[in-house]
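The structure appears right after this line, and notes come after that.
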Amino acid sequence: MCGIVAYVGPKDAAPILLEGLQRLEYRGYDSAGVVVSSKGLKVRKVKGRVADLAKAVPARFKGTLGIGHTRWATHGVPSDENAHPHLSADERIAVVHNGIIENATELRAKLEADGVVFKSETDTETLAHMIARTVEETSSLEEAVRKALKSVVGTYGIAVIDAERPGEVVVARNGSPIVLGIGEKEMFAASDVAALVRYTRQVVHLEDGELAVLKADGFHTFASGGLETAKEPLTVDVEAGHYDTGGYEHYLLKEISEQPETVARTLRGRLDDRFHIAHLGGLNMDARATRSFRRVKIIGCGSAYYSGQIGAQLIEELARIPADAEPASEFRYRNPVVDPDTLYVAISQSGETYDTLAAVQELKRKGGRVIGIVNAVGSAIAREVDGGIYLHAGPEVSVASTKAFTSTAVAFALLALHFGRVHDLSPADGRRIVDGLAKLPDQIEEILKQGDRIRELARKYATHPSLMFVGRVRGYPVAREGAQKLKEISYIHAEAYPASELKHGPLALIGPEMPTVAVVPDDELLDKNLTTLGEIRTRGGNVLMIGHREPEAKLADDVIVVPKNEIELDPILLTIPLQLLAYHAAVALERDVDKPRNLAKSVTVE
Ligand code: G6P
């Protein structure tokens with residue numbers, strides 16, 4: 001959470017910092033601030049969005065070096081005072097920070113006992129004061145920062161400037177990402193390449209424990225002990241246009257609409273018509289290693305976890321290997337037994353969700369074999385795992401995940417096909433899945449054509465304060481993801497339940513005031529699902545059914561029919577109408593679709 005950006009070079013820093021912050025707003029957007037250096041530090045910070053900050057920055061806010069921040073509050077409410085940057089009492093040092101200083105209370109008490117007066121409630125302000133205390137005794141800002149960080153327990157990505165050294169920025173990373181951008185006689189740093197691609201494609205990712213000094217003419221990186229590290233710049237293949245709304249009203253609608261193309265990209269070059277297998281070179285696993293594990297354990301957070309549930313079912317069905325998914329945030333705290341016969345799969349769109357990363361690190365420490373399904377190339381999780389599958393879905397900007405969700409499910413179908421064909425999945429079944437996967441992009445296109453109708457349905461159902469979502473076996477993770485999408489962007493309460501469990505409790509909630517969205521694929525459980533619909537309607541509940549055909553009896557008030565694929569792959573298609581339903585409900589209720597309240601896209605704190 002929180003986005004940070006830094007610039008040093010010949011140009012005016014403020015417009016570059018503001019533009020960068022706008023690109024990072026998905027990381028947090030409750031307050032924002034910038035500081036530039038020119039004969040002293042000039043600071044502006046406000047509660048609100050980057051657009052509010054831009055209005056508050058005066059025309060004469062000149063300086064060719066500066067740092068900026070967009071915040072997702074952890075320590076202290078969103079307010080002008082708690083917004084970053086934070087300055088030392090003498091206004092010499094300014095700091096922006098992403099992460100959490102866990103021993104902030106203790107550090108703050110020590111500083112206060114020494115007479116330091118704090119202006120904010122944040123953990124970050126302690127850093128500004130600590131650096132200011134050592135900067136005079138040390139020969140460089142870099143050394144002062146390193147010394148201050150020695151007392152810090154927690155995670156950080158930070159950028160620091162010193163009014164007395166107007167030509168350099170110091171950045172450091174431990175658990176929260178920092179990427180350096182190398183320009184022509186100018187240097188940038190940010191939490192994500194999104195803030196850099198307008199200016200440069202040459203980047204360097206800092207590792208945990210690393211620190212860098214940026215000057216207009218270049219950079220130096222150092223390990224935590226102070227020894228210089230050698231870093232090779234990478235060229236990122238993302239274009240600035242990938243971060244635009246492309247003419248759509250919202251990023252979310254753009255990303256939903258992109259799915260025929262993004263699913264095609266996840267599949268590209270990976271389907272083999274001859275042996276009916278999947279080519280997944282990035283797994284770094286030969287056939288013998290692929291046969292050697294007996295279980296698959298999938299971990300991820302939020303929508304990544306729900307796509308993992310779809311993945312677990314695909315692996316069980318196609319490869320007959322026991323598989324299950326668990327929230328990474330739960331897994332890492334329960335001292336998990338790490339089994340040598342289990343393959344662990346970590347899922348993350350951003351590749352930087354802290355709970356997922358920490359779970360991967362715990363697994364690796366215990367000798368577990370971990371692969372990743374990740375969208376962001378070169379991200380922390382991608383670098384930590386032993387191999388994996390990149391989604392190639394392109395940048396996902398809207399906070400609610402859509403195209404990364406479907407691409408993850410597709411990546412799991414490829415993985416399940418791969419495992420299945422090494423085990424007992426027949427060539428005929430392999431062909432069935434290969435052909436089914438190849439059909440997905442066109443079928444998604446078909447579903448998207450129903451957008452207008454789904455908008456009408458969304459307007460109708462968005463008038464209710466609460467919705468039940470049900471699904472059975474393959475349909476259950478789809479229902480969970482559908483409920484998640486609705487609540488996160490429309491703020492309508494939604495609860496997802498296995499259809500089979502409805503009668504064991506939540507049926508008591510059903511009545512005219514609470515409609516049900518039912519995921520009803522045309523599979524071997526169709527009759528069971530239709531019975532559930534009957535039970536709901538008998539209790540006066542309205543039903544919106546997502547399925548493959550109108551039920552014969554009048555068991556649903558409304559039906560969204562999606563094209564049929566293979567039963568194992570149907571969950572991927574059944575998800576799409578639920579994304580559109582949530583989107584149009586959020587628009588009807590005039591919500592901030594791309595930046596829902598209280599949330600952030602990259603949760604880089606525990
Ligand atoms: C946050 C986002 C969710 C996302 C989850 C996992 O909670 O709001 O939309 O699913 O993080 O993110 P990841 O980048 O690890 O897939």
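We count ligands from 1, going down the list as the structure has it; atoms in each ligand are counted the same way. Note that the structure is predicted; figures quoted are calculated from it, not measured.
Using a 30° and 60° split on the angle between ring planes, Y461 and H464 fall in the tilted class, from 30° to 60°. Aromatic ring orientation, H97 versus Y156: tilted (interplanar angle from 30° to 60°).
Checking each of V399, L21, D594 against Y29 for a side chain to side chain contact (heavy atoms under 4.5 Å, CB included) leaves exactly one that passes, namely V399.
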Please tabulate, one line per pair, the protein N or O atoms found under 3.5 Å from any N or O atom of ligand 1, giving the distance to one decimal.
unit_1, atom_1, unit_2, atom_2, d
ligand 1, 8 (O), A600, O, 3.2
ligand 1, 9 (O), V399, O, 3.2
ligand 1, 10 (O), S303, N, 3.0
ligand 1, 12 (O), T353, OG1, 3.3
ligand 1, 14 (O), S348, OG, 3.4
ligand 1, 14 (O), Q349, N, 3.4
ligand 1, 14 (O), S350, N, 2.8
ligand 1, 14 (O), S350, OG, 2.6
ligand 1, 14 (O), T353, OG1, 3.4
ligand 1, 15 (O), S348, OG, 2.5
ligand 1, 15 (O), T353, OG1, 2.4
ligand 1, 16 (O), Q349, N, 2.7

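Geometric assessment of R369 against the ring of F293 yields a negative cation-pi assignment under the 6.0 Å and 45° thresholds.
Taking the six-membered ring for Trp and the full ring otherwise, the centers of F331 and Y305 sit at least 6.0 Å from each other.
A donor and an acceptor atom, one from each side chain of S303 and S401, are nowhere located under 3.5 Å apart.
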